[in-house]
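Below is one structure; the comments refer to it alone.
Side chains included, hydrogens not; waters and symmetry mates left out as well; all remaining heavy atoms used.
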Number of protein chains: 2
Amino acid sequence: MNPCTFFKCLADDTRLKSLLLIAKTGEACVCDLMEALELDQPKTSRHLAQLRKCGILLDERRGKWVFYRLHPELPPWARNVIVEAAENNSLYFSDALNKLMASQSSTLNCC
Amino acid sequence: MNPCTFFKCLADDTRLKSLLLIAKTGEACVCDLMEALELDQPKTSRHLAQLRKCGILLDERRGKWVFYRLHPELPPWARNVIVEAAENNSLYFSDALNKLMASQSSTLNCC
DNA sequence: ATTACATATGCGATATTTCACATATGTAAA
DNA sequence: TTTACATATGTGAAATATCGCATATGTAAT
């Protein structure tokens, strides 16, 4: 994991918020993320794909849905960076986090 | 310190290596950094200026030279990110670090 | 005041990233 | 097997970042 490549992955609002949301909640599917972040589907998917290709996220398909979580083999220092960023910038993504947790706990939710 | 802005600052080879070198050595002047990184002067100065304007680095002039160090008011989480990256990616900037330490300890050095 | 050296910045050219739209793929229910 | 839904990706346009060169500013010695 080249550190410059790693930081490039965090250097975008969509990707960073997606990562912080996933770090906080453990995992999330694409449809919940796009609603929480108020983004269209291709944009959400593209950024998640970039994080997956860099080895930061791991995807798992369950039926129609694809869930993303932090890659278990992510180097500890890199995981710490994400977790520390999440713990110290709650205001940056609290709106999205509230929406995401509402979706995830709702029985009306798609997945 | 918006976290996305912060990570954008780390998402470039010149800036990231400069930061890791400064984190390791405490401080460095522009001329030593440009030699350690084998860059021209305007490029080195430009990237340092960006880090200064974002509040990551603090500059201090001493005679003809300008020394940069991590800004003392940098939020602890952000400082930790830089320090952790430095501690866990030595191979990424070891060449530059060796050159920088050689310059800084040499009596032949300009500053 | 002039010169030499260290650092900073204006600016157009180039490279890289991101976006928006269309479309493709994958899954499951009817 | 048709349909609906979820996700992924091809592609060119737009936005953004970086570079290279020239030049400006700041400091100290002569």
Worksheet item: By a strict heavy-atom criterion of less than 4.0 Å, which residues belonging to residues 52-60 of chain B are in contact with DNA chain D?
Response: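 Those residues whose heavy atoms fall under 4.0 Å from DNA chain D, taken from residues 52-60 of chain B, amount to none.
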Discussion item. If you take any heavy atom closer than 4.0 Å to DNA chain D, which residues from residues 14-28 of chain A end up in contact?
Written reply: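 Going residue by residue through residues 14-28 of chain A, none turns out to have a heavy atom under 4.0 Å of DNA chain D.
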Worksheet entry | Residues Phe7(A), Cys9(B); criterion side-chain contact (heavy atoms from CB on, under 4.5 Å); working and verdict | CA-CA 9 Å; Phe7(A) 288 122; Cys9(B) 282; over 6 Å; no
[X] side chain N/O closer than 4.0 Å to the phosphate oxygens (OP1, OP2) of [N]?
{"X": "Tyr68(A)", "N": "dA8(D)", "result": "yes"}
{"X": "His47(A)", "N": "dC19(C)", "result": "yes"}
{"X": "Ser45(A)", "N": "dT7(D)", "result": "no"}

Specify the separation, in whole Å, of atom [atom1] of [X] and atom [atom2] of [N].
{"X": "Phe67(A)", "N": "dT27(C)", "atom1": "CZ", "atom2": "P", "answer": "15 Å"}
{"X": "Met34(B)", "N": "dA6(C)", "atom1": "CE", "atom2": "P", "answer": "9 Å"}
{"X": "Leu39(B)", "N": "dG20(D)", "atom1": "CG", "atom2": "C1'", "answer": "13 Å"}
{"X": "Leu10(B)", "N": "dA17(D)", "atom1": "CG", "atom2": "C1'", "answer": "16 Å"}
{"X": "Leu51(B)", "N": "dA17(D)", "atom1": "CG", "atom2": "C1'", "answer": "14 Å"}
{"X": "Lys43(A)", "N": "dA15(D)", "atom1": "NZ", "atom2": "C1'", "answer": "12 Å"}
{"X": "Leu33(A)", "N": "dT7(D)", "atom1": "CG", "atom2": "P", "answer": "9 Å"}
{"X": "Asp40(A)", "N": "dA8(D)", "atom1": "CG", "atom2": "C1'", "answer": "13 Å"}

Validation: residues 30-38 of chain B side-chain donor-acceptor distances under 3.5 Å, sequence neighbours left out:
unit_1: Asp32(B); atom_1: OD1; unit_2: Asn109(B); atom_2: ND2; d: 3.2
unit_1: Asp32(B); atom_1: OD2; unit_2: Asn109(B); atom_2: ND2; d: 3.1
unit_1: Glu38(B); atom_1: OE2; unit_2: Lys99(B); atom_2: NZ; d: 2.8

Practice prompt. Measure from the side-chain heavy atoms of Asp12(A) and tell me the nearest of dT18(C), dT7(D), dA6(C).
Written response: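 So the nucleotide nearest the side chain must be dT18(C).
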Expected output: side-chain [X] to main-chain [Y] donor-acceptor under 3.5 Å:
{"X": "Lys8(A)", "Y": "Ala11(B)", "result": "yes"}
{"X": "Ser106(A)", "Y": "Ala102(A)", "result": "no"}
{"X": "Thr44(A)", "Y": "Asp40(A)", "result": "yes"}

Worksheet item: If you pin Ala49(A) and Lys8(A) to their nearest nucleotides in DNA chain D, which one's is more 5'?
Response: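 Nearer the 5' end of the strand: Ala49(A).
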Fill in: Any His71(A) side-chain heavy atom under 4.5 Å of Ile56(A) side chain
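SC-SC contact between His71(A) and Ile56(A) ruled out.
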Worksheet item: Looking at dA6(C), does its base get a donor-acceptor pair with the side chain of Gln41(B) below 3.5 Å?
Response: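 No, the side chain and the base share no sub-3.5 Å donor-acceptor pair.
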Worksheet item: Should Ile22(A) and Leu51(A) be marked as a side-chain contact (heavy atoms from CB on, under 4.5 Å) after you check the CA-CA gap, both sets of side-chain angles, and the distance that decides it?
Response: CA-CA 12 Å; Ile22(A) 289 168; Leu51(A) 293 168; over 6 Å; no
Worksheet item: So, Lys24(A) and Glu87(A), do they make that salt bridge, N to O below 4.0 Å?
Response: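 Result for this pair is no, no salt bridge flagged.
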Worksheet entry | Ionic contact status for Glu27(A) with Arg62(A), cut-off 4.0 Å |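 Salt bridge: yes.
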Discussion item. Assuming nearest nucleotide by heavy-atom distance, tell me which of Gln50(A) and Lys64(A) is located more 5' along DNA chain C.
Written reply: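 Nearest-nucleotide comparison on DNA chain C picks Gln50(A).
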Discussion item. Minimum heavy-atom separation for Tyr92(A) and Lys17(A), please, with both atom names.
Written reply: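 Smallest heavy-atom distance, with atoms named: O-CE, 3.3 Å.
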Worksheet item: So what does Arg46(B) hit on the nucleic acid, given a heavy-atom distance under 4.0 Å: a base, only sugar-phosphate, or nothing?
Response: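 If one applies the 4.0 Å heavy-atom cut-off, Arg46(B) turns out to touch a base.
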